[in-house]
Amino acid sequence: DIQMTQSPSSLSASVGDRVIITCRASQTIKKYLNWYQQKPGEAPKLLIYGASTLHSGVPSRFSGSGSGTEFTLTISGLQPEDIASYYCQQTSITPPIAFGQGTRLDI
Amino acid sequence: QVQLLESGPGLVKPSETLSLNCSVFGDSLSAETYFWAWIRQPPGKGLEWIGSFDNTGNLQYNPSLKRRVTISADTSKNVFFLKITSMTATDTAVYYCARHNPPPTLTFDFWGQGTLVTVSS
């Protein structure tokens, strides 16, 4: 099975900061990587698919990059409403559909 | 707008079987476009995919849970189901139902609000 490892597991940042979250795959997954945002008490929401394509309605301060085994989610200009946990998901080889362990972002 | 709604018991005793329903509104389980899935999240932890199916006979389970899990559907009522046998405390989690696109995109685009299931005597 492909293992997904996110770093850091948690981080604190200030409003306006540029935040970078990394997701590494245990083997190459090309660009088959999605990112989700989950706010406390809510279901996850899709942010980015195909490693870099912004889902409809997602603010442009979110961006994704990477291919192969290393991927990043960048928030450029952190906003208070971005307080959430963020998960990567590989879609290259399934089953199983694997998520990273999550990154908790606080302000 | 697609909506999913989970229902079922909030408390299950150890060794018992969990049964959950997911009612789907705004889309049809009979359509062949999407997959339908169960995902769970233990308190304070990450997301674990349980299994997915579509209307063409594709049905896949997480190997870690396969022995204990059954996913089925009643397309006439637009409801799908999750059964997990031999529940233990480690199965305590928020259980979500969701819709996802086929591979390789596999994006989960609509989710239920989740239902907390606690395993305790």
Side-chain angles (χ1 to χ4, degrees), chain A residues 1-10 21 23 25 28-58 62 64 67 84-106, chain B residues 1-6 20 22-24 34-54 57-69 71 93-117:
Chain A
D1 296 354
I2 298 177
Q3 308 300 319
M4 307 302 295
T5 304
Q6 286 182 235
S7 61
S9 56
S10 64
I21 298 169
C23 181
T28 182
I29 58 172
K30 300 182 181 179
K31 298 196 75 171
Y32 297 123
L33 191 285
N34 302 329
W35 288 98
Y36 297 84
Q37 176 193 64
Q38 185 181 31
K39 296 183 178 181
E42 297 183 4
K45 293 180 181 176
L46 177 65
L47 289 177
I48 287 168
Y49 61 94
S52 59
T53 302
L54 212 60
H55 182 55
S56 174
V58 175
F62 291 93
S67 65
S85 293
Y86 294 85
Y87 294 91
C88 60
Q89 174 215 353
Q90 72 87 12
T91 70
S92 177
I93 299 177
T94 61
I97 299 172
F99 294 90
Q101 80 277 19
T103 295
R104 181 175 174 173
L105 174 59
D106 295 318
Chain B
Q1 181 78 341
V2 177
Q3 291 185 315
L4 298 94
L5 182 64
E6 305 93 348
L20 293 177
C22 180
S23 299
V24 178
Y34 294 102
F35 282 69
W36 304 90
W38 289 98
I39 303 102
R40 70 181 184 179
Q41 184 172 36
K45 297 189 177 180
L47 301 163
E48 181 180 33
W49 171 73
I50 299 171
S52 299
F53 74 97
D54 71 357
N58 290 305
L59 174 59
Q60 295 179 333
Y61 297 124
N62 191 322
S64 68
L65 295 166
K66 190 174 183 177
R67 286 189 308 106
R68 300 192 295 129
V69 171
I71 293 174
V94 174
Y95 285 76
Y96 295 99
C97 56
R99 187 184 84 168
H100 70 78
N101 286 285
T105 309
L106 247 167
T107 51
F108 288 86
D109 56 358
F110 288 100
W111 299 66
Q113 84 283 359
T115 185
L116 174 62
V117 176

Revision key, fill the gap. When rounded to the nearest 0.5 Å, the distance separating CG of A:Leu47 from OG1 of B:Thr107 is 12.0 Å

Check your understanding: Under the 3.5 angstrom rule, does the side chain of A:Thr91 hit a backbone N or O of B:Pro104 as a donor-acceptor pair?
Key -> yes

Point to revise | Residue pairs, two or more places apart or on separate chains, that pass salt bridge (charged side-chain N to carboxylate O under 4.0 Å, His left out) and touch residues 88-100 of chain A | key: none

Review point. Hey, is the main chain of A:Leu46 close enough, under 3.5 Å, to the side chain of B:Asp109 for a donor-acceptor pair?
Key: no

Exercise for review: Only counting residues at least two apart or in another chain, list the ones meeting ring-ring contact (aromatic ring centres under 6.0 Å, His included) with A:Tyr32.
Suggested key: none

Exercise for review: Heavy atoms only, distances under 4.5 angstrom: which of A:Pro95, A:Gly102, A:Pro44 has the most pairs with chain B? Name it, please.
Suggested key: A:Pro44

Practice item. Show the numbers, then the answer: is there a side chain to side chain contact (heavy atoms under 4.5 Å, CB included) between A:Ile97 and B:His100? Key: CA-CA 11 Å; A:Ile97 299 172; B:His100 70 78; 4.1 Å; yes

Review point. Considering only heavy atoms, which portion of A:Pro40 lies under 4.5 Å from any heavy atom of chain B: side chain, backbone, both, or neither?
Key: neither

Please set out all donor-acceptor pairs under 3.5 angstrom arising from side-chain atoms of residues 41-51 of chain B, sequence neighbours excluded.
residue: B:Gln41; atom: OE1; partner: A:Gln38; partner atom: NE2; Å: 2.8
residue: B:Gln41; atom: NE2; partner: A:Gln38; partner atom: OE1; Å: 2.8
residue: B:Gln41; atom: NE2; partner: A:Tyr87; partner atom: OH; Å: 3.1
residue: B:Gln41; atom: NE2; partner: B:Lys45; partner atom: O; Å: 3.0
residue: B:Glu48; atom: OE1; partner: B:Arg40; partner atom: NE; Å: 2.7
residue: B:Glu48; atom: OE1; partner: B:Arg40; partner atom: NH2; Å: 3.1
residue: B:Trp49; atom: NE1; partner: B:Gly51; partner atom: O; Å: 3.4
residue: B:Trp49; atom: NE1; partner: B:Ser52; partner atom: OG; Å: 2.8

Practice item. Could you have a look at A:Gln101, A:Gln89, A:Gln90, A:Glu42 and say which one has the most heavy-atom pairs with chain B under 4.5 angstrom? Key: A:Gln89

Practice item. Taking the side chain as every heavy atom from C-beta outward, state whether B:Phe108 and A:Phe99 have any pair of such atoms under 4.5 Å apart. Key: yes

Point to revise | Toward chain A, the part of B:Tyr61 with a non-hydrogen atom under 4.5 Å | key: backbone

Exercise for review: Could you please state which residues from residues 62-69 of chain B sit under 4.5 angstrom from chain A, measuring non-hydrogen atom to non-hydrogen atom, sorted by number, or 'none'?
Suggested key: B:Asn62, B:Pro63

